[in-house]
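To keep things clear, I will list the structure first and then write my remarks on it.
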Protein chains: 2
Amino acid sequence: MNNVICTVDVVLLTIKDERLSVALLKREREPYRGVAALPGGFIHAEDNDARDAALRVLNEKTRIEAPYLEQLATFSGPARDPRGWSISVTYYALVSFDVIERAGHPDIKLANVDQLTNLPFDHRGIIETAVARLRSKSQYSSLPCYLAGEAFTLPHLQRIYEALMGEPLNKVSFRRKIKEMAMLEILEGQFDSAGAHRPAQLHRLKPELRERLTLLERGL
Amino acid sequence: MNNVICTVDVVLLTIKDERLSVALLKREREPYRGVAALPGGFIHAEDNDARDAALRVLNEKTRIEAPYLEQLATFSGPARDPRGWSISVTYYALVSFDVIERAGHPDIKLANVDQLTNLPFDHRGIIETAVARLRSKSQYSSLPCYLAGEAFTLPHLQRIYEALMGEPLNKVSFRRKIKEMAMLEILEGQFDSAGAHRPAQLHRLKPELRERLTLLERGL
DNA sequence: TGAATAGTGTCTTTTAGACAATATGTG
DNA sequence: CACATATTGTCTAAAAGACACTATTCA
């Protein structure tokens, strides 16, 4: 078939106020002009592949560069886009909240993924797929680290895991598992001194794992 | 961009002689006419979505109907197909060996996935991705059951899991886990009586789980 | 009856979780 | 010092694995 509409959409996720949230942007064009939707756009002949298109589109619309980005799934069919038979290769990206703040784009809205209002196209289903994938992978991988920013404490990371899993985790077990994954390194002498209590050690992802997940034999 | 070549490819996997194997077909058309490759084809305007296209293409080329079929990933770029910028939405299908035998198509060749020879397009990478996905999911799900056919014994299922994981499994633990997943039902009074030894009880997937995976809290 | 594999009971080892003690900041 | 949270030690409980015993068939 000729003339399939080929697009990419990006589910940009972050943790805001200990809640998993998705970035929505007001659409600048028809269809659904002015409606909040996932950042997306057409694949161009100049793109090296759909992943490059997703990175380009995300950067054009949010100014965010080089986030953790992983292919989610491809959604297709004659009815999902009013313009005709379409394919959307979707990706999900994980960033810390301050990356979104620093981008400072006025039209980005963050919506709690558990309280989504109506969305155009099949974007609601795409977001639900992304959230399910993230929550599933969080059970046995280092994936949530990409939501934590450059430097973070173990208590902070545990709150992120808990927000994703939806339940409190045992502190001792959590730390045993993080140690087992061997994905973090201590930022010697750097602590997070916020509050009238003992400061927490700052950590970061080992640089060689910036783009690669670490997996657990058994989940958290 | 207009004129993206939109195709589907199917990685049809089975267990032959306790080895994971992929079905390859001789291509009937250019490019790579006569070369063994994954069954694939163009998406048609009449298809309801890419999944329907994959089921249609698989049935047209192998006469196999309604296998377990799951989206794998989408491969894209200007160079993977000599005809131009292309997208392939890929799926993997799992069937028992006798489903392939019964289809009786003369041009299907089964190749051990650990000893792949040269393949056209990026089919080698697609197969490797499918195998990695299957092996990963086998650690904590009922996925391998779809390789076992209609009725099977627990020792047979264990050999399938072992072929996928590449290591022997503890019999007691394996059975505990299968029981925990609660995905099988006993075929009362039906046994596999092959060999000079105690016959093994036949089981089948619970009918309501024909298309849905069961997951384990902790892996095998 | 002996060989071969199926299926189960039980003890040991490993892993996860509960609980609490110690550590180190601020006001 | 009182208080709050970080970090660690240790005991208990749960899960996984090793091993062996019983079951059932055919030759």
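This is a predicted model, so every value here is computed, not measured. Just so you know, these numbers use all the heavy atoms, side chains as well, and skip hydrogens, waters and symmetry mates. Every chain is numbered from 1, with letters handed out A, B, ... down the list of sequences.
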Are [X] and [Y] within salt-bridge range, i.e. N to O under 4.0 Å?
X	Y	answer
A:Lys26	A:Asp107	no
A:Arg159	A:Glu162	no
A:Arg210	A:Glu150	yes

Which of the following nucleotides, [options], is nearest to the side chain of [X]?
X	options	result
B:Lys177	D:dT7, C:dG7, D:dA16	D:dA16
B:Ala196	D:dA6, D:dG17, D:dC26	D:dC26
B:Pro199	C:dA6, D:dT7, D:dT25	D:dT25
A:Val172	C:dT5, D:dT8, D:dA18	D:dT8

Tell me the interatomic distance from [X], atom [atom1], to [N], atom [atom2], rounded to whole angstroms.
X	N	atom1	atom2	value
B:Gln190	D:dT24	CD	C1'	18 Å
A:His203	D:dA6	NE2	P	12 Å
A:Leu202	C:dG25	CG	C1'	14 Å
B:Lys179	D:dA16	NZ	P	15 Å
B:Glu217	C:dG17	CD	P	9 Å
A:Ile178	C:dT15	CD1	P	17 Å
B:Arg218	D:dG17	CZ	P	12 Å
A:His156	D:dT5	NE2	P	16 Å

> Can you tell me if CD on A:Glu60 sees more than 12 non-hydrogen neighbours from other groups inside 6.0 Å?
Replying inline: yes
>> Just to be sure I understand the rule, does A:Arg176 reach a base, reach only the sugar-phosphate, or reach nothing, if contact means heavy atoms closer than 4.0 Å?
In response: base
>> Using a 4.0 Å heavy-atom cut-off, does A:Ser173 contact any base of the nucleic acid, only the sugar-phosphate backbone, or nothing at all?
In response: base
> Parallel under 30°, tilted from 30 to 60°, perpendicular over 60°: which one fits the rings of A:Tyr32 and A:Phe121?
Replying inline: perpendicular
>> Does B:Asn170 contact D:dA18 through a side-chain donor or acceptor facing the base, at a distance under 3.5 Å?
In response: yes
>> Please compare B:Pro155 and A:Lys171 by the position of their nearest nucleotide in DNA chain C and report the one closer to 5'.
In response: B:Pro155
>> Would you say B:Arg198 places a side-chain N or O within less than 4.0 Å of OP1 or OP2 belonging to C:dG7?
In response: no
> How do B:Ser193 and A:Gln201 order along DNA chain D: which one's closest nucleotide is nearer the 5' end?
Replying inline: A:Gln201
